[in-house]
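Working notes, structure below.
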Protein chains: 2
Amino acid sequence: MIVQQTAPTPDLPALFGALADPHRLAIVERLAAEGEKTVGELVAPFEISAPAISRHLAVLESAGVIERRVDRQWRKCRIRPDALAAVEGWVETQRRFWNASLDRLDRMLAEGPQAKTTDEEEKKR
Amino acid sequence: MIVQQTAPTPDLPALFGALADPHRLAIVERLAAEGEKTVGELVAPFEISAPAISRHLAVLESAGVIERRVDRQWRKCRIRPDALAAVEGWVETQRRFWNASLDRLDRMLAEGPQAKTTDEEEKKR
DNA sequence: TCATTAATTAATGTTTTTGTTAAATAATGA
DNA sequence: TCATTATTTAACAAAAACATTAATTAATGA
């Protein structure tokens with residue numbers, strides 16, 4: 001039976017949390033810039049231990065930021081671009097809302113001082 | 001003396017960290033959607049205490065996500081859109097790198113099997 | 001088979017984050 | 001002045017995050 005593959009609703013706090021650590025952010029940036037890398041290659045530039053990086057990779061994977069595939073004795077990691085798309089989509093949504101609320105404020109101010117929630121009116125109560 | 005106001009280089013881990021908590025994310029989304037709000041208005045929808053929200057706001061402010069101004073007995077909070085721009089800029093940079101590395105891979109594959117790092121060659125060693 | 005390499009899991013300690021309640025600070029307005 | 005309202009700070013506890021070293025799992029290849 002074929003199950004329709006739905007893009008899982010991104011857990012945004014988890015997604016942002018995965019990017020909130022400097023080591024993890026550096027890993028993501030390196031994967032984006034250089035493509036697929038083994039765990040060992042990702043460990044190399046850092047001073048922290050391999051187990052520490054291994055756990056960072058687990059965090060990135062469970063947040064959907066990277067995926068891993070097995071290639072003989074290596075685990076190769078790569079970026080999942082839909083994670084980047086999810087972040088970008090969130091930002092755009094916020095910006096759209098933000099612009100809309102600015103527009104509303106503009107209109108209110110343009111309509112003149114009979115509106116109840118302009119700064120002028122607000123000051124009076 | 002006038003000091004040139006430079007946009008501070010965003011601390012991306014701090015920025016993502018600020019967005020990594022569900023309460024804080026909800027606050028940011030509300031500010032984006034509804035504009036400036038007092039601390040009390042931001043506290044209202046949540047079940048957690050006012051001091052807890054106050055600290056969340058401090059986290060958001062120190063990461064540059066929001067700013068606060070004093071209006072009589074209230075502190076009004078609003079989004080700093082440049083924080084959103086910083087996130088969006090980072091994502092776009094990563095995507096650009098990612099596309100570039102895809103292009104390199106495409107070219108390598110197109111150039112034929114004499115390249116050393118195609119999957120085919122890689123399998124042999 | 002067995003030593004080597006690659007990576008993860010286990011056990012553990014420290015630091016950070018997040019929450020609570022109580023107290024402090026500050027502005028309003030009767 | 002003084003009670004009220006708005007918000008933050010202090011003191012503290014619980015949970016989560018992040019690191020370490022040691023042990024385990026798994027594949028390679030001599």
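Chain letters run A, B, ... following the sequence lines, proteins first, then strands; residues in each count from 1. Fair warning: this is a prediction, and the values are worked out from it, not measured in the lab.
For the atom pair R30(A) CZ and F46(A) CZ, the distance stands at 8.0 Å (nearest 0.5 Å). Rounded to the nearest 0.5 Å, atoms CD1 (I27(B)) and CG (L57(B)) are 5.0 Å apart. For the atom pair CZ (R75(B)) and CG (L42(B)), the distance works out to 13.5 Å, reported to the nearest 0.5 Å.
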Mind listing the N/O atom pairs, protein and nucleotides 17-19 of chain D, below 3.5 Å?
residue: dC18(D); atom: OP2; partner: R24(A); partner atom: NH1; Å: 3.1
residue: dA19(D); atom: OP1; partner: H23(A); partner atom: ND1; Å: 3.0
residue: dA19(D); atom: OP2; partner: H56(A); partner atom: NE2; Å: 2.3

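R24(A) places a side-chain N or O within 3.5 Å of a backbone atom of G17(A) that can act as its donor or acceptor partner.
One interatomic measurement links the two molecules: CG of L57(B) to P of dT18(C), which rounds to 13 Å at whole-angstrom precision. Atom CD in E61(B) sits roughly 14 Å away from atom P in dT7(D) (whole-Å rounding). Between R68(B) atom CZ and dA26(C) atom C1' the separation is 15 Å, expressed in whole Å. As a whole-Å value, the separation of K37(A) NZ from dA6(C) P is 15 Å. Here the C1' atom of nucleotide dA6(D) and the CG atom of D71(B) are 12 Å apart, to the nearest Å. When the C1' atom of dT5(D) is taken as reference, atom CZ of R75(B) falls 12 Å away, rounded to whole Å. Summarising the geometry, the separation between CZ on R69(B) and P on dT7(D) is reported as 13 Å, rounded to the nearest angstrom. In this structure, Q73(B) atom CD and dT5(D) atom C1' are separated by 7 Å, rounded to whole Å.
Side-chain contact between W90(A) and L15(A) is absent, with no heavy atoms from C-beta onward closer than 4.5 Å. Between R68(B) and C77(B), the closest side-chain pair of non-hydrogen atoms falls below 4.5 Å.
Between dA7(C) and R72(A), no contact under 4.0 Å exists linking OP1 or OP2 to a side-chain N or O.
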